[in-house]
Each structure stands twice: as structure tokens, then as C-alpha cells.
Amino acid sequence: MTLSADPDLKQIFETCRTIAVVGCSPNPERAGNYVARYLQERGYRVIPVNPGHQTLLGERCYASLRDIPEPVDMIDCFRRSEFIPDIVEDAIAIGAKVIWMQLGVIHKEAALRAEAAGMKVVMNRCPIIDYPRLFPSR
């Protein structure tokens, strides 16, 4: 069951502190950059994942989720829907708790796979929209 209720989303933001951003972009005009920066500014540890870069947003950038040497709570996906099954498999392999698919990114089979592995799933939503709505004073 994909999560969309405010209490569920709020709980994700309150419990997840380390977020890997798959498809993080060096272009400040792309959502894969400015959403990651927004999360950093709210105190989250953001780990960029993009095989074409060594560093992004002042952080070491990793080629894949499996290369990250520390625990990750949430995976924020800025990749097209057809790439989500592989991202979910990597997220399961590293023990992530949440997979968050951005606006327009939907993959029901991958969501079911993630849920079966014990992960929480959010699809077709964006933290930069939900966070300020849920935490207006932060």
C-alpha cells in the first residue's frame, strides 16, 4: 500500500535523517538538485547518487546505492519509472526503510516488491511540496 496520508508522510520526515537522492543533478534548475538542496537546508543528510559525478551539493557522490558505505533511511528517486525496479532492488540490498518516487514516477510492481521487503513506499509525490505543507513553521 503506497503511503499518501499526512500522518504517514509526516512520520517519514520525522524518522528519516539520511536520504540518498538517486538522479541527483548538478544543474540547480533541475528538481534533482533543488529538492536535494531543500532537504539539506532542513537538516537532512543528503547523499547524491549519480554515476557521472564525484561530488554534488558539497557531498561525495556515489555511482549507485550499493556503493554508499553508511546506512540510508530513505531513497528519493529522480529517475524515470522504468528504472525504479532496479533502484528498489538496490534499496532493499542496502536496507533502506523508505522509497520515495517523485512526481510522475509510478511503478506499482516495484512498489509491491519494496513493500514485501518491509519498505514504506511513496509514489508520485515531492518532498518540496509535502514538507512545507506538513511543517509550515520549519
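- Judged by distance alone, with hydrogens and angles left aside, the side-chain atoms of Trp100 form no donor-acceptor pair with the main-chain N or O of Val121 at under 3.5 Å.
- Arg125 CZ to Ile12 CD1: the interatomic distance, rounded to the nearest 0.5 Å, is 9.5 Å.
- In this structure, Val122 is a member of the same hydrophobic cluster as Ile19, with clusters built from ILVMFWY side-chain heavy atoms closer than 4.5 Å.
- Here Phe135 pairs with Tyr131 under the ring pair (Phe, Tyr, Trp, His ring centres under 6.0 Å) rule; sequence neighbours left out.
- The ring-ring contact (aromatic ring centres under 6.0 Å, His included) pairs that include a residue from residues 55-94 number zero, where partners must be two or more places apart or lie in different chains.
- Within the model, atoms CG of Leu57 and CG of Leu39 stand 10.0 Å from one another, a figure rounded to the nearest 0.5 Å.
- A search for salt bridge (charged side-chain N to carboxylate O under 4.0 Å, His left out) contacts involving Glu82 returns Arg80, not counting sequence neighbours.
- Taking CG of Asp130 as the start and NZ of Lys10 as the end, the distance is 12.5 Å to the nearest 0.5 Å.
- Taking the side-chain hydrogen bond (donor to acceptor under 3.5 Å, both in side chains) definition, one finds that Gln11 meets it with Lys120, sequence neighbours left out.
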Under 3.5 Å, which donor-acceptor pairs do the side chains of residues 89-98 form with other protein atoms, sequence neighbours left out?
| unit_1 | atom_1 | unit_2 | atom_2 | d |
| --- | --- | --- | --- | --- |
| Glu89 | OE1 | Arg113 | NH2 | 3.2 |
| Glu89 | OE2 | Arg113 | NE | 2.8 |
| Asp90 | OD1 | Arg66 | NE | 2.5 |
| Asp90 | OD1 | Arg66 | NH2 | 3.2 |
| Lys97 | NZ | Asp73 | OD1 | 3.0 |

| task | Evaluate side-chain contact (heavy atoms from CB on, under 4.5 Å) for Ile75 paired with Val88, printing each intermediate quantity in order. | result | CA-CA 9 Å; Ile75 312 300; Val88 164; over 6 Å; no
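- With sequence neighbours left out, the side-chain hydrogen bond (donor to acceptor under 3.5 Å, both in side chains) criterion links Asp67 to Ser64.
- Hydrophobic clustering, with ILVMFWY side chains joined whenever heavy atoms are under 4.5 angstrom apart, groups Ile87 together with Ile68.
- When side chains are defined from C-beta on, Val105 counts as touching Ile84, because their heavy atoms get closer than 4.5 Å.
- Contact record, Val22 with Arg79: CG1-CG, 3.8 Å, taken as the closest heavy-atom pair.
- Residue pairs meeting the ring-ring contact (aromatic ring centres under 6.0 Å, His included) criterion with at least one member in residues 17-37, sequence neighbours excluded, do not occur.
- When every heavy atom of Gln102 is checked against every heavy atom of Cys126, the shortest pair comes out as OE1-SG, 3.0 Å.
- Residues forming a salt bridge (charged side-chain N to carboxylate O under 4.0 Å, His left out) with Glu29 (at least two apart in sequence, or on another chain): none.
- Closest non-hydrogen pair, Leu65 versus Ala20, comes out as CD2-CB, 3.7 Å.
- For residues 34-44, no residue pair satisfies the salt bridge (charged side-chain N to carboxylate O under 4.0 Å, His left out) rule, not counting sequence neighbours.
- Shown here are the side-chain hydrogen bond (donor to acceptor under 3.5 Å, both in side chains) partners of Asp6, two or more places apart in sequence or in another chain: Arg133.
- Atom CG of Asp8 is separated from atom OG1 of Thr2 by 11.0 Å, given to the nearest 0.5 angstrom.
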Name each donor-acceptor pair under 3.5 Å that joins a side chain in residues 44-55 to protein atoms two or more places apart or in another chain, with its distance.
| unit_1 | atom_1 | unit_2 | atom_2 | d |
| --- | --- | --- | --- | --- |
| Tyr44 | OH | Phe13 | O | 2.7 |
| Arg45 | NE | Glu70 | OE1 | 3.4 |
| Arg45 | NH1 | Glu59 | OE1 | 2.6 |
| Arg45 | NH2 | Glu70 | OE2 | 2.7 |
| Asn50 | OD1 | Gly52 | N | 2.9 |
| Asn50 | ND2 | Cys24 | O | 2.8 |

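- For the pair Leu134/Leu9, a side-chain contact is recorded, criterion being any heavy-atom separation below 4.5 Å from C-beta on.
- With a 6.0 Å radius and a threshold of 12 heavy atoms from other residues, nucleotides or ligands, Arg30 has its CZ atom at or below the threshold.
- Two residues are said to be in side-chain contact when any heavy atoms from C-beta on lie closer than 4.5 Å; Asp76 and Met101 fail this criterion.
- Looking only at distances, a side-chain donor or acceptor of Asn33 sits under 3.5 Å from a matching main-chain atom of Ser25.
- Residues meeting the side-chain contact (heavy atoms from CB on, under 4.5 Å) test with Asp86, sequence neighbours left out: none.
- Interatomic distance, CD1 of Ile99 versus CD of Glu115, reported as 11.0 Å (0.5 Å rounding).
- At least one donor-acceptor pair closer than 3.5 Å links the side chain of Ser81 to the backbone N or O of Ile106.
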